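The analysis underlying the following values was restricted to heavy atoms, covering all of them including side chains, and did not include hydrogens, waters or symmetry mates. Just so you know, these numbers come straight off a predicted model, no measurement behind them.
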Amino acid sequence: MSQQSSFSTREPLHDHEQKQAALSYLNEAWAEARHDGVDGDCLAQASLFAALAELVSTYGEDAVATFVEGLSTRVRHGEFSIALARQ
């Protein structure tokens, strides 16, 4: 008697849900690497490399170059800053 995998019966996640799940996986991997002594700066650079390499393989170099041109403005506008809760 064979059992079906829970993955085969699960409906595909919407784009927003996939992004939330991906971020959760990355946060877990990041925490584990930090626990093992990997420096945050090294993690950040490796993560950026892996992310950009994946985007290039999916969309091509020109599209990714256009995308990253706008990152400096987004960084300066605080899009990637984590707001700390104040009590």
Closest approach of Val68 to Leu52 (non-hydrogen atoms, all atoms of both residues): CG1-CD2, 3.7 Å

Side-chain (Thr58) to main-chain (Glu54) donor-acceptor, under 3.5 angstrom: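 Side chain of Thr58 to backbone of Glu54, a donor-acceptor pair under 3.5 Å: yes, one is there.
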
Enclosure of [X] [atom1] (heavy-atom neighbours >12, cutoff 6.0 Å):
| X | atom1 | result |
| --- | --- | --- |
| Arg74 | CZ | yes |
| Glu61 | CD | no |
| Phe49 | CZ | no |

Residue pairs passing the side-chain hydrogen bond (donor to acceptor under 3.5 Å, both in side chains) test where at least one lies in residues 29-48, sequence neighbours excluded: Asp41-Gln45

Is it possible for you to say whether [X] and [Y] belong to one hydrophobic cluster, with membership spreading through side-chain heavy-atom contacts below 4.5 Å?
| X | Y | result |
| --- | --- | --- |
| Val56 | Leu71 | yes |
| Val75 | Phe67 | yes |
| Leu55 | Phe80 | yes |

